[in-house]
Amino acid sequence: MPSVPGELSKEKYNQFSLEEWVKSFWRDNDVYRLVKEKSSKSPRKFYFLDGPPYASATSIHIGTAWNKIIKDVVLRYKRMSGYRVWDQPGFDTHGLPIEVKIEKKLGVTSKKEIVEKIGVERFIGECRRFVDESIEAMTRQFKEIGVFMDWDNPYVTYKDDYIESGWWLIKKAWEKGLLYRGLQVHHWCPRCETTLADYEVSEYKVLEDPSIYVKFPLKGRNGESLLIWTTTPWTLPANAFVMASPSIKYARVRVGNEVLILASSRVKAVMEEAGVSEYEVLEEIPGSELEGLEYVHPLEELVDAQKELAPYHRVVMAPEAVSAHEGTGLVHSAPGHGDIDFKINEDRVGAPIVSLVDDTGKMTQGAGKYAGLYFRTEANKAIVEDLERMGALFHKGTVRHRYPVCWRCKTPLVLRATRQWFIKVSALKTPLLREAEGIRWQPGWAKTRFVNLLKEVRDWVISRQRFWGIPLPVWVCQSCGYTHVVGSVDEIEEMGGERPENLHRPWVDRVELKCPKCGGVMKRVPDVLDVWFDSGISFYASLGFPRSRLWDEMKPVDFIVEGHDQIRGWFFSLLRSGVIGFNSSPYRSVMVHGFALDEHGREMHKSLGNYVDFEELISKVPRDVVRLWVMQTTVWEDLKFSWKGLEEMGRTFNIIWNTFSFASTYMSLDKYDPTATRLDDVEGDLQPEDRWLLSRLNRLVKEYRSAMEDLRPHDAARMIKNFIVEDVSHWYIRLIRRRVWEEEDTPGKRAAYAALYTALRTWLVLAAPFIPFTTEYLYQKLVRPSEDDAPLSIHLLDMPEPDTSRIDDKLESDMDIVKRIVEAAAAARSNAGIKLRRPVRRIIIAPIKPGVDEAVRRLEHIVREMANTKRVEVVGSEFFEQAKVYDVEPNYRELGPTFKELTPKVVSLIREHSREVAEAIARQGKYTASIDGREVVIERSHVKLNAAYPQWLSVKETEIALVGVDTRIEREELVEGVAREIVRRIQAMRKELDLPVNAYIETWITGDETIVESAKAMEGYIANETRSKAIHYTEPPGDAYTRVWEVDEGRVKIGIKAGSR
RNA sequence: GGGCCCGUAGCUCAGCCAGGUAGAGCGCCCGGCUGAUAACCGGGCGGUCGGGGGUUCGAAUCCCCCCGGGCCCA
């Protein structure tokens, strides 16, 4: 027959070694595999898709750990709830950040050097090796915090299979007519020599640039010019037109013998800046009148490209691009170097798109005189000089402003028009919005955010001019220009190409196809894909689609969870790919989590010095403590990291341990066998507090499950913590202590064991997803040895169903009332200075709220026990009113005017007869007396009336009741109190001797008479409580452990000696 | 500049959706309890609920504006 073992109670608690033990246990027994096998037999599928972390770190961020812990909790919960859980982790492995890291490592700074000095083949090899190392390190850390995922089989975006899956989608887009090559203005990094997508332009630096005012002379108006302002002189050679706003007023201003046109609101500021004090505003005209005015570009002769652009040199209305609050209200426009410019040109002008900066930031041949100069430096300088020399410059200064820089290498970016490959996402807005409607979001506001950005969706530039990425599968015929998109490796072979040994550059670049139109040689467009493309296809690519049909079985993804930055990122890119490839959303439910910030709510960064390293964290804080702590913060809000918070959570684990240790101690002493004595077997012996615990337990199960189903794991985490700390440890165990101390094997004790065991065992299962190490350990040490058929690991158990028949609202609310009464009694005792150890005769309760009476009667034994009173009396509130004693103080302000010269005598009267006066005024409203033969009537207003409870009654007034303690100690209470003092001392001494809980002793008591008499009177009680087989009232022998104690009633000498029975 | 979120005690956070006496844990001070006790219980100190305005008999809660922080975009 198994019974609960007592090991836990003998063990010294150490959470770190506990977790090490569990780690070995899992490894030795291959627990993850067993868990997975069990799950694989479950009837319902749960396709979870891991948002792949970027594989460029050897140490994970706290936020990354939080992310995986949330996932692990959900997956564990789902497995235990009967789902066939797909738990493949992923890694995002391509892209510029990794290329830049490798460039640094290899000591190169340009694409040219990669090609010529390093060789693309070696460069790619280095990227791959770096990624593999990152994956290994990250995997180790994820395992370290107990994440149960399929670590032997992750999806990795650089694998050939994955790349091939990517090609499938590009081909799909091409077939749908969504893939096109176009010219568009984008930020470009002249060092990385690649275009950056909008979302990659995220860093700005304060830089100094020229701030110049340039005159554009108007045709046919001698001496009259448009005055434009720019901070990018290098864009002037590409100028096509000038933008103005019809709603701004412009002024014609005479300066010397010239006339300048600029916004009226800017005249004063511009003239001041230029140091011009002599000027005259000739007239003001509405902006609309400027429309169509033609001008001559000052650099026309020096710049070749201007020949093409000259026909478009006129004023164009563009209110969206012009401000009356800065510059001159006239904006020079270069459609090849500005995105608004590009759009306005497209809509209203139609000039050729001229971009005069090359891939490396140097001016092109089209820039004529400026060809070969670097844009922000050399070209700026030369252009400003020329303008000045020609007299076209009205004023030059400098400006310090935020300027976008490359997020990887910090080089200032250039806006330029380049030919890139696009996917026409703007054409998919309707299906995107439609599909977004059907997705479930937690929290709800994430959906608002998502839909808002879908409404503004733009075409997607997918091409990048780099190396480490999925190659764009587009081949172009060198003879006839025919373009073909390849959707698979097989198709390469079908098109007459040779299967490359690796699908990355440079191998894939060498693949030549035969043109189906003209038979010519087709070569691949050398671009790679935007790295966001990679993770966006993971929902099918991780399953090997289209080669494998697993996706058809598994679709759609049931659940994803990532940080709120991924609303625009991964959540969007998944949907985008889903709609392109399958016309539907690939996922149905999303949870959003917050960011891990430092304790002041700022981002954690190595450079800010507030970064907490993961390895450091788990060397200082046990894993489960970290897990439960991060899980109890509201999931979608930011997590403020706090060592103190973690330390506090550590104390909770201490309580968890103590609770199980308590159960282990007493259940093992009594050889409690949970399989032989189950709840059903003790039904009739369950005490109200046992039923209360079971009610709380089943309510926990019910509310925990609904929190988990509703994607509020933080609520579930708080519930499991509160249950074990508040309900079990702080309350229930205190209530049953007396019962479990009983010597004999009573039915009441069995009932308490059955209730406690059920609660702890169920709690372990609920807590298992959150704190898998601790629950495993306690399960192995307490539950598994106690039950014959217990599964090998707690993680193989099923989530419990609530037994709602055990939920008793009334009992719980009665218990709440009783708790408050007990608290009030404790407060009242404390005020009266009566220790809880000392029994009192009675406590008196006057209910205020309904239900108190009933609750106290029903749970009277708890009130008696916890308040240490012999009787509980429920009375009407008049009891307390009548018990009150009154006292008065004279109120001089009122007495003086009434009694005039008699006042001093009245005051002495009041002082001398204060009790009498007070009583009379309190009960009749006045006090009548006679002074010097005159009758005086003292009324309520003449005094300050104070009511107080008498000495013998200490009262705590609460919202639900008045609770009074009768503080009068009679002989009986005194004797019992002294006996308890003695018992406590003996218990302390037993502990000092480190005696086993169930050891017997022999005891000697001598000392002051009251104490010895009390001890004699209570001998049976003392002997029983302290397991004394005999008590002697003589000096203890020399070999006894002896101490002298002071108690309120005097001095006592106690000696104890261990003795066997 | 725009969208969304957060701001409550010294610290970490509940409460806000569905308006009704501002709460918990930690910390600090005082007292108590103790055979699960590096735990626990009682009392005390501590709040312009970021600021301002509005709706309402009544606002931490609903509405508007502003300030600070976060994420995303421009």
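Lettering follows sequence order; numbering is per chain, from 1.
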From [options], nucleotide with atom closest to [X] side chain:
| X | options | value |
| --- | --- | --- |
| A/N654 | B/rG42, B/rA38, B/rA36 | B/rA38 |
| A/K956 | B/rA74, B/rG43, B/rC4 | B/rG43 |
| A/A827 | B/rG42, B/rA39, B/rC4 | B/rG42 |
| A/R734 | B/rG42, B/rA74, B/rC40 | B/rC40 |
| A/K640 | B/rC40, B/rC13, B/rA38 | B/rC13 |
| A/I655 | B/rG3, B/rU37, B/rC40 | B/rC40 |

For [N], the Watson-Crick or wobble counterpart (both distances under 3.5 Å):
| N | value |
| --- | --- |
| B/rA36 | none |
| B/rG7 | B/rC67 |
| B/rG42 | B/rC30 |
| B/rG1 | B/rC73 |
| B/rC17 | none |

Without decimals, in angstroms, what is the distance between [X] [atom1] and [N] [atom2]?
| X | N | atom1 | atom2 | result |
| --- | --- | --- | --- | --- |
| A/M649 | B/rA38 | CE | C1' | 18 Å |
| A/R718 | B/rG25 | CZ | P | 15 Å |
| A/F572 | B/rC72 | CZ | P | 15 Å |
| A/F641 | B/rC13 | CZ | P | 12 Å |
| A/Q632 | B/rU12 | CD | C1' | 9 Å |
| A/Q442 | B/rC5 | CD | C1' | 14 Å |
| A/N998 | B/rA36 | CG | C1' | 15 Å |
| A/N452 | B/rC4 | CG | P | 6 Å |

Could you check whether [X] gets within reach of a base, just the sugar-phosphate, or nothing at all, counting any heavy atom under 4.0 Å?
| X | answer |
| --- | --- |
| A/T659 | base |
| A/R980 | sugar-phosphate |
| A/E637 | sugar-phosphate |
| A/P404 | nothing |
| A/E456 | nothing |
| A/Y666 | sugar-phosphate |
| A/I567 | nothing |
| A/L453 | nothing |
| A/K12 | base |

Below 3.5 Å, does any donor atom in the side chain of [X] face an acceptor in the base of [N], or the other way round?
| X | N | result |
| --- | --- | --- |
| A/S729 | B/rA36 | yes |
| A/R737 | B/rU37 | yes |
| A/R568 | B/rC72 | no |
| A/R651 | B/rC26 | no |

Sticking with atom [atom1], work out how far [N] lies from [M], rounded to a whole angstrom.
| N | M | atom1 | answer |
| --- | --- | --- | --- |
| B/rU37 | B/rC28 | P | 23 Å |
| B/rG44 | B/rC63 | P | 36 Å |
| B/rG51 | B/rC11 | C1' | 23 Å |
| B/rC4 | B/rG46 | P | 40 Å |
| B/rA60 | B/rA9 | P | 14 Å |
| B/rA38 | B/rC45 | P | 30 Å |
| B/rC65 | B/rU55 | C1' | 15 Å |
| B/rG10 | B/rC29 | C1' | 14 Å |

If only side-chain N and O atoms of [X] are considered, is one of them under 4.0 Å from the OP1 or OP2 phosphate oxygen of [N]?
| X | N | answer |
| --- | --- | --- |
| A/R829 | B/rG42 | no |
| A/R984 | B/rU34 | yes |
| A/K644 | B/rG10 | no |
| A/T634 | B/rA14 | yes |

Checklist line | Within 45° cone of A/W460 ring axis and under 6.0 Å: A/R458 NZ or CZ | finding: no
Margin query: Could you report the tightest heavy-atom contact between A/I843 and A/T869, atom names first, then the distance?
Written below: N-OG1, 3.3 Å
Notebook entry, point to check: Start at the 5' end of RNA chain B and walk down; is the nucleotide closest to A/W445 or to A/L995 reached first?
Noted result: A/W445
Checklist line | Nearest-nucleotide comparison on RNA chain B, the residue closer to the 5′ end among A/D994 and A/H730 | finding: A/D994
Margin query: Taking NZ in A/K429 as the centre, count heavy atoms belonging to other residues, nucleotides or ligands within less than 6.0 Å. Is the count above 12?
Written below: yes
Which label fits [X] and [Y]: parallel for a plane angle under 30°, tilted from 30 to 60°, or perpendicular past 60°?
| X | Y | value |
| --- | --- | --- |
| A/F641 | A/W629 | perpendicular |
| A/Y704 | A/F770 | perpendicular |
| A/H593 | A/W66 | tilted |

Item checked: Contacts of A/D638 that satisfy side-chain hydrogen bond (donor to acceptor under 3.5 Å, both in side chains) - sequence neighbours left out -> A/H564
Notebook entry, point to check: Taking atom CD1 of A/I62 and atom CG of A/N67, what is their separation to the nearest 0.5 Å?
Noted result: 13.0 Å
Checklist line | Between A/H714 and A/W636, ring centroids under 6.0 Å | finding: yes
